[in-house]
Structures are given as C-alpha cells and as structure tokens.
Amino acid sequence: MEKLIHFLRGYVRIKVWGYSPERFINLCGNRDILLWDIEKHGDYYSMCISIRGFWGLKSITGKTKTRVAILQRYGLPFFIPHMIKRSIFILGLFGCLLFLHGMSHYIWAIEITGNTSVTTDVLMDFLEEDGIRCGSRKKDLDIEALEKSIRREFDVVTWTSARLDGTKLVIQIKENSRAVPQEEVAQSVGMDLEATKGGRIVGMVTRSGVPMVKIEDEVEAGEILVSGAVPVYGEDASVKEYLFCKADADIYLECGYLYEEKLPISYQSKAYTGNEETVPYIRFGDRELCFSLTQTAFARSDCVVSENRLEVLKDFYLPVTFGKYCYREYTLTEKTYTQEQAKSICQEKLNRIMETLEEKGVQILEKDVKIGKDSKYYVLRAEFTVVEKTGTLVSTKTESPHTEDGLQATEEQ
C-alpha cells in the first residue's frame with residue numbers, strides 16, 4: 001500500500017554529497033521529510049524522497065553544505081506528461097479498453113464437464129441448434145431455460161448447472177449410471193418382449209407379463225418371449241378379457257457370434273525424411289491469416305496443429321486464436337506383414353472385440369479363432385459362444401375377446 005501511495009504522489013531518487021551528508025539525513029528526519037532506501041556509495045549517499053519533500057531541501061543543503069542531484073524520477077506525475085506527448089499510444093490504449101469492454105458482453109469459450117455417455121460434440125451441436133455458440137450475446141442467454149432443455153433432451157442427464165465466468169460459458173452435468181431406454185418411457189401399456197436374435201434360453205426372470213418360453217427353449221429372432229397381454233379367465237376356463245401391461249423380464253440367451261477381419265498382406269509405410277515446415281497463423285472468429293509467403297512444397301506430409309485461445313485475464317477469452325501448422329514430409333514405401341506381425345495385429349483386434357462385448361455385459365463362454373491366408377489377405381475368423389441379455393419391447397398384437405364380441409353384436413343388429 002505504501003508503494004502505491006508513493007507512486008501516485010510521485011518521488012525521485014537523489015544523490016547527496018558534500019561536507020556532511022549524515023547531518024543532512026538527520027535534519028530531514030527532524031523536519032518530517034521522509035527518506036527511504038538510503039544507500040552509501042563511498043563518498044556520497046543515494047536515497048528516495050517525495051516531490052514535496054524535495055522542494056523543502058534548499059535550507060537544509062545550505063546548513064549542511066551538501067549538494068543534491070536527481071538520479072531518477074518515478075510515479076504518476078512524471079508518467080502522465082510523458083504519455084500526453086504520445087497521443088497515438090493514448091488513443092490505442094483507449095481503443096483497447098473500449099474493445100475489451102465490448103467483447104466482455106459476448107461468449108467466446110464454452111466448457112462442458114461431467115459428460116461421458118453424451119459426447120461433447122453432441123452437446124455442442126445441441127447448443128448450436130439452440131442458438132448458443134461462441135459469439136452469442138450474454139444477455140440473450142437464459143441459464144435456467146438452458147439447464148432445463150439439456151435435461152429434457154438427454155434422458156441420461158440427471159443434473160445440470162450452467163454459469164458464466166467472464167466470457168466463458170461453463171456447463172456441468174451429471175449422468176445416470178443406467179440410461180432409461182426411450183422406448184420404455186414412450187410406451188406404458190400393451191407391450192410384448194421380443195427376441196432380438198436366435199439362441200437357447202439359459203436364464204429367465206419375469207417381473208411383469210406372461211412368459212411364452214422357458215429355460216432351455218430354442219427361440220428365433222422376432223419370437224415373443226413375454227406377452228404384455230395378461231388373460232383373465234371366466235368360470236368356464238375361457239379367456240374373457242386381457243389386462244394389458246408392459247412386459248418386463250431379464251432373459252439371457254446362449255447364442256453365437258461370427259467375426260471376420262481381413263488384413264492386407266502388403267501395405268504402404270510412412271518414412272519421415274526429417275524435413276519440416278512451420279506456418280504460424282492467427283484466427284479472428286472464422287477468418288484465418290497464415291504468415292507464409294509460399295505454399296508447402298512437400299508432395300506428401302502430415303500436419304500437426306497446435307493452437308491457443310487468447311485469454312486476457314482468467315476466464316476472459318477473446319475471439320482470437322493463434323497457433324502454427326507443422327508440416328512433416330514423408331515418403332511411402334511398400335512393405336509386407338510377416339506372419340508374426342499379422343498374428344499380433346489380429347490378436348489386438350480380437351482383444352478389442354472381446355473388451356467391447358464384455359463392456360456390454362456379454363459373457364464369453366467359448367471362442368474359436370483361426371487366422372488364414374490367401375493371395376492378398378490374412379483372414380481372421382473368430383466364432384464366439386456367448387451369453388447375453390435379449391429382448392426388445394414391441395406393441396402387442398393380442399386383442400381382447402371382449403372387443404371382438406362387441407363387434408359381432410354390432411354386425412348382428
């Protein structure tokens with residue numbers, strides 16, 4: 001705080017030499033003239049003093065037979081007159097402040113966190129359709145409406161929070177560990193559970209509906225597993241009517257998977273020459289300016305992009321991006337996979353397939369993997385025996401006999 005006061009009032013650093021500089025310092029103290037940062041340099045002293053104090057030194061120098069010279073000037077009183085002479089700088093500074101003030105009314109960065117099932121690209125496309133993008137005005141943004149629209153559009157999202165930090169829109173979301181299928185929400189009554197593929201039933205737990213199959217039954221794709229029409233019997237053991245519901249059951253099916261993958265025996269490999277060309281650029285909104293006089297002369301090259309968005313203060317972004325394109329030259333050479341390399345690549349692909357199945361809750365019982373070779377390809381053929389959950393909801397086709405009787409009575413009349 002003391003340094004700020006000195007800067008605003010202005011001060012100078014002086015050099016004091018002569019008959020008795022020590023007495024000069026003592027007299028300044030007696031007359032309440034503040035001196036600081038006092039240093040001795042052989043036969044003279046240097047120190048800082050306020051502008052007001054400097055103008056009161058004339059009588060003191062006379063009594064102590066010392067001389068005073070100004071070494072440097074500091075503070076706002078010396079800075080302002082100097083800047084007034086540089087009108088272009090002042091105009092530029094004023095224009096910069098106006099520019100920053102104008103840009104502060106817009107959104108120039110969007111950050112989304114907490115999403116896993118719904119990708120950031122999908123959310124950004126949704127915001128774009130909702131009229132929210134980089135360059136949108138802050139006053140046009142309704143935070144509460146935005147949060148509600150995200151929860152309404154994406155069933156997996158259970159909680160949403162949006163806020164503005166400077167010129168950055170921050171959206172935080174939380175997702176449900178298990179998304180509710182859209183078809184379960186849309187349909188409430190009269191729904192059958194249908195087999196999605198053929199196989200042998202090895203496990204079955206029914207919560208609602210009438211089971212149409214049992215464990216160890218062989219079923220085909222499209223076959224009704226659980227009916228959403230619950231029959232109501234009369235005294236004569238005939239069906240009088242049906243009570244419709246949404247079938248709900250966990251049915252596990254033992255079935256087979258067949259996977260084939262072809263890997264070309266010969267391939268083109270990149271060999272980097274070590275030649276590189278860097279092209280810096282700056283982007284204002286959608287307009288980009290590259291600082292390169294000539295186009296890259298490489299016949300084949302990869303491009304690596306590194307860029308940064310201009311951030312004046314924390315979370316205060318501007319629509320300015322700067323970075324560089326790095327072009328790396330390469331040549332293509334014809335190579336062939338050895339049997340060991342092909343086996344290793346196919347095994348990696350097979351492992352990824354198995355990981356994907358396990359992530360979906362599929363239990364792998366058996367697998368039969370064969371790697372063959374023809375004139376052009378290595379062929380991976382894998383047969384899996386798995387246990388997976390099956391069943392999809394479809395509208396029931398069962399009609400109540402009560403409705404049919406009503407139609408017949410109407411025709412007789």
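Keep in mind the model is a prediction, meaning the values are calculated, not measured.
Among residue pairs with one or both ends in residues 48-58, none qualify as side-chain hydrogen bond (donor to acceptor under 3.5 Å, both in side chains); sequence neighbours excluded. The salt bridge (Lys or Arg N to Asp or Glu O under 4.0 Å) pairs that include a residue from residues 99-119 are Glu111-Lys168, where partners are two or more places apart or lie in different chains. Sorted by first and then second residue, the ring pair (Phe, Tyr, Trp, His ring centres under 6.0 Å) pairs with a member in residues 339-381 form an empty list; sequence neighbours excluded.
Asp248 has no carboxylate O lying under 4.0 Å from a charged side-chain N of Lys246, or vice versa, which leaves the two without a salt bridge.
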Report, one line per pair, each donor and acceptor closer than 3.5 Å where one atom sits in a side chain of residues 120-127; sequence neighbours left out.
unit_1 : atom_1 : unit_2 : atom_2 : d
Thr120 : OG1    : Asn115 : ND2    : 3.2

Could you list the donor-acceptor pairs under 3.5 angstrom formed by side chains in residues 251-270, with sequence neighbours left out?
unit_1 : atom_1 : unit_2 : atom_2 : d
Glu254 : OE1    : Arg200 : NH2    : 2.6
Glu254 : OE2    : Arg200 : NH2    : 3.4
Tyr257 : OH     : Glu388 : OE1    : 3.0
Tyr259 : OH     : Glu261 : OE1    : 2.6
Glu260 : OE2    : Arg381 : NH1    : 2.4
Glu261 : OE2    : Lys349 : NZ     : 3.0
Lys270 : NZ     : Asp302 : OD1    : 3.1
Lys270 : NZ     : Asp302 : OD2    : 3.3

Validation: residues 31-41 side-chain donor-acceptor distances under 3.5 Å, sequence neighbours left out:
unit_1 : atom_1 : unit_2 : atom_2 : d
Arg31  : NH1    : Ser59  : OG     : 2.6
His41  : NE2    : Ser46  : OG     : 2.8

Review item, side-chain donor-acceptor pairs of residues 355-371, under 3.5 Å, at least two apart:
unit_1 : atom_1 : unit_2 : atom_2 : d
Thr356 : OG1    : Arg352 : O      : 2.8

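Residues satisfying the salt bridge (charged side-chain N to carboxylate O under 4.0 Å, His left out) criterion with Asp217, sequence neighbours excluded, are Lys214. For the side-chain contact (heavy atoms from CB on, under 4.5 Å) test, residues two or more places apart in sequence or in another chain that qualify with Leu98 are Phe94. With sequence neighbours left out, the side-chain contact (heavy atoms from CB on, under 4.5 Å) criterion links Arg152 to Lys148, Ser149. Under the side-chain contact (heavy atoms from CB on, under 4.5 Å) criterion, Pro231 pairs with Val210, Tyr233, Val239, Tyr242, sequence neighbours left out. Legend: residues meeting side-chain contact (heavy atoms from CB on, under 4.5 Å) with Phe54, ordered by chain and number and at least two apart, are Val12, Ile14, Ile49, Leu57, Val68, Ile70.
Between the side chains of Gln347 and Asn351, at least one donor N or O sits under 3.5 Å from an acceptor N or O.
None of Glu288, Glu307, Lys324 except one satisfies the side-chain hydrogen bond (donor to acceptor under 3.5 Å, both in side chains) rule with Tyr281; the exception is Glu307.
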